[in-house]
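Remember, it's 1-based here, ligands and their atoms both numbered in the order they're listed.
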Amino acid sequence: MQLGMIGLGRMGANLVRRLMRDGHECVVYDHNVDAIKALADEGAIASGSIADLKAKLDGPRAVWVMVPAGDITTSVIEELATTLDSDDIVIDGGNSYYRDDIRHAKRLSEKGIHLIDCGTSGGVWGLERGYCLMIGGETEPVARVEAIFKTIAPGFESAERTPGREGAIAPSEMGYLHCGPNGAGHFVKMVHNGIEYGMMASIAEGLNIIRNADIGTRIEKGDAETAPLAEPEFYQYDIDVAEVTEVWRRGSVVGSWLVDLTAEALHESPDLADYSGRVSDSGEGRWTSIAAIDEGVPAPVLSAALYSRFASRDLSKFADQALSAMRKEFGGHDEKPAS
Ligand SMILES: O=C(O)[C@H](O)[C@@H](O)[C@H](O)[C@H](O)COP(=O)(O)O
C-alpha cells in the first residue's frame, strides 16, 4: 500500500527501506533535502513539503510521523491537522508521551482525521530484524493500515511459538499488537523503555561488581577510599569482563539481546574508554515512574535505574558534597577536598 513518511532520520529512513523492500510505495519528506534525495535514489517518491506529500498520496491517506517526541511531533501533527482530509490516518511512530497522543487525537479528530500511536522498538537494528510495534487507536483505522504493520514487524519466524499456543497466528506473534485506544500503544512502549532502563542497569551493575573483584589487591596497595576489607583475600580475581559477557550469551539465564550488544561493545573496547559514563534519558523512564506513582504500584527497580542515570551526570555532585560535609562536621572525619 501507499504510505507517507515524515522524518527521515535513522528510524524513519529504515522504516521506508523495509516497506519498499516489501513492495509498498513511500512518499517521503524531511527538512533535510539530502535525506529525501538518498531515499528517492532508492526508489521513494520525494516531496518538498507536507502539502506536497499530501498531494502525492491517494486518499484516504496514511502518513507516518517519525520525528523527535515533544514539541517537534506536536508541530508536525498540527500542520497535518490543517493539511490532511477527513478519514486520513496519522501514525505517530516516535516515542511520544501517551498523554500527548490523547491531545493529538482530539485535535486531529476535529477534522475527522484518525491518530494511531505506535511505539516502535528495534533501534538501528530494525531494518534487518524488524520492529516491535505497540499500537493505540480506533479499531477501523488500525485494521486499515495492518499491511504496513505486518511488513515493519519482525514476523512470526522471529521467535519460537510459545508452547501451548496453537491455531491462527495472532498479530502479537508477528510482532505488532493493537493495545487499546489512543495512548495505549505509547503507554506500553513507555513501560517497555522503563524495563529497558532496569535491565540495562542490572547488567551494568553486575559487570561492575565482577570488574572490581580484584579490589583486595588494590587495597593492599593502599589506593582504595573505602574501609579496609576485612578479608581482602576474597577479592583477588582479575576477571575478563568481556569474556564473561561472551559466555553469558550461551545458555545462561541472563542471556539476551542487551547482553549480546554489551559483549560486542566490550570486544571493541574492553575498557569502554570511548564512553564518558554520562547516560542520557529521553523521558520514558521518568514517565514510567510517574505512572507507577499515580497507580500506587511499587516499581523500585525501574525507579532506581532511572535515578542511577541521573547520578551518572553531575547533578548528584552537590548531594555528595553535602554528605562529605556532614561526615566531617559530626565526626571530624578527614574528607577529600575538592581537587
Ligand atoms: O525500544 C527501542 O528501540 C528503544 O527504547 C528506543 O526507543 C530508544 O533507544 C530510546 O529512545 C532510548 O531511550 P532513552 O533515551 O530514554 O534511553
Side-chain angles (χ1 to χ4, degrees), residues 5-19 64-74 76 91-101 116-136 149 151-155 158-159 172 174-177 179 183-205 256-262 264-265 272 274-292 299 301-313 315:
M5 178 66 71
I6 299 174
L8 305 176
R10 276 192 306 256
M11 291 285 284
N14 281 344
L15 285 168
V16 168
R17 291 188 179 105
R18 195 166 164 91
L19 287 161
W64 190 296
V65 179
M66 205 69 204
V67 300
D71 291 347
I72 299 179
T73 294
T74 299
V76 169
I91 305 163
D92 176 5
N95 274 336
S96 292
Y97 194 15
Y98 75 96
R99 298 181 186 197
D100 289 345
D101 296 326
I116 295 175
D117 51 284
C118 182
T120 308
S121 182
V124 291
W125 298 79
L127 175 60
E128 299 310 328
R129 290 170 46 122
Y131 301 85
C132 174
L133 303 177
M134 294 146 264
I135 301 159
F149 296 139
T151 291
I152 293 172
S158 60
S172 59
M174 290 183 268
Y176 61 96
L177 179 68
C179 303
H186 277 143
F187 191 95
V188 174
K189 177 61 165 54
M190 168 187 85
V191 178
H192 165 280
N193 279 33
I195 293 170
E196 186 178 286
Y197 283 34
M199 291 173 69
M200 290 168 71
S202 59
I203 293 167
E205 287 177 14
S256 59
W257 191 41
L258 287 171
V259 168
D260 295 349
L261 297 173
T262 310
E264 205 172 311
L272 301 177
D274 290 343
Y275 298 91
S276 69
R278 295 172 66 95
V279 190
S280 305
D281 74 292
S282 312
E284 304 206 60
R286 301 179 191 215
W287 304 332
T288 305
S289 289
I290 290 169
V301 174
L302 308 196
S303 305
L306 171 67
Y307 283 113
S308 78
R309 289 202 183 191
F310 296 161
S312 76
R313 306 173 213 151
L315 285 177

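Of all atoms in ligand 1, listed by their number and element, those nearer than 4.0 Å to a heavy atom of Asn193 are 1 (O), 5 (O), 7 (O), 10 (C), 13 (O). The Asn95 neighbourhood of ligand 1 comprises atoms 7 (O), 10 (C), 11 (O), with distances under 4.0 Å to a heavy atom of that residue. Applying the 4.0 Å criterion to heavy atoms of Lys189 picks out, from ligand 1, the atoms 1 (O), 2 (C), 4 (C), 5 (O), 6 (C), 7 (O). Under a 4.0 Å criterion applied to the non-hydrogen atoms of His192, ligand 1 contributes the atoms 1 (O).
The shortest separation from a heavy atom of Gly122 to ligand 1 is under 4.0 Å, placing the residue in contact. Tyr197 counts as a contact of ligand 1, since one of its heavy atoms falls under 4.0 Å from the ligand. Using a 4.0 angstrom heavy-atom cutoff, Glu284 does not count as in contact with ligand 1.
A donor-acceptor contact closer than 3.5 angstrom is absent between the side chains of Ser96 and Asp100.
By the 30° and 60° cut-offs, the orientation of the rings of Tyr98 relative to Phe187 is perpendicular.
Just one residue in the list Thr120, Asp117, Ile116 forms a side-chain contact (heavy atoms from CB on, under 4.5 Å) with Ile91, and that residue is Ile116.
Counting only distance, with no hydrogens or angles, the side chain of Arg313 and the backbone of Arg278 share no donor-acceptor pair below 3.5 Å.
Close N/O approach between Ser282 and ligand 1 is found [any backbone or side-chain N/O within under 3.5 Å].
Both tests do not hold together for Arg18 against Tyr131: distance to the six-membered ring centre under 6.0 Å, angle to the ring axis within 45°.
Looking only at heavy atoms of the protein, atom 17 (O) of ligand 1 is closest to Arg309 NH1, 2.7 Å. Closest to atom 1 (O) of ligand 1, if we only count protein heavy atoms, is Ser121 OG, 2.5 Å. Looking only at heavy atoms of the protein, atom 12 (C) of ligand 1 is closest to Glu196 OE2, 4.1 Å.
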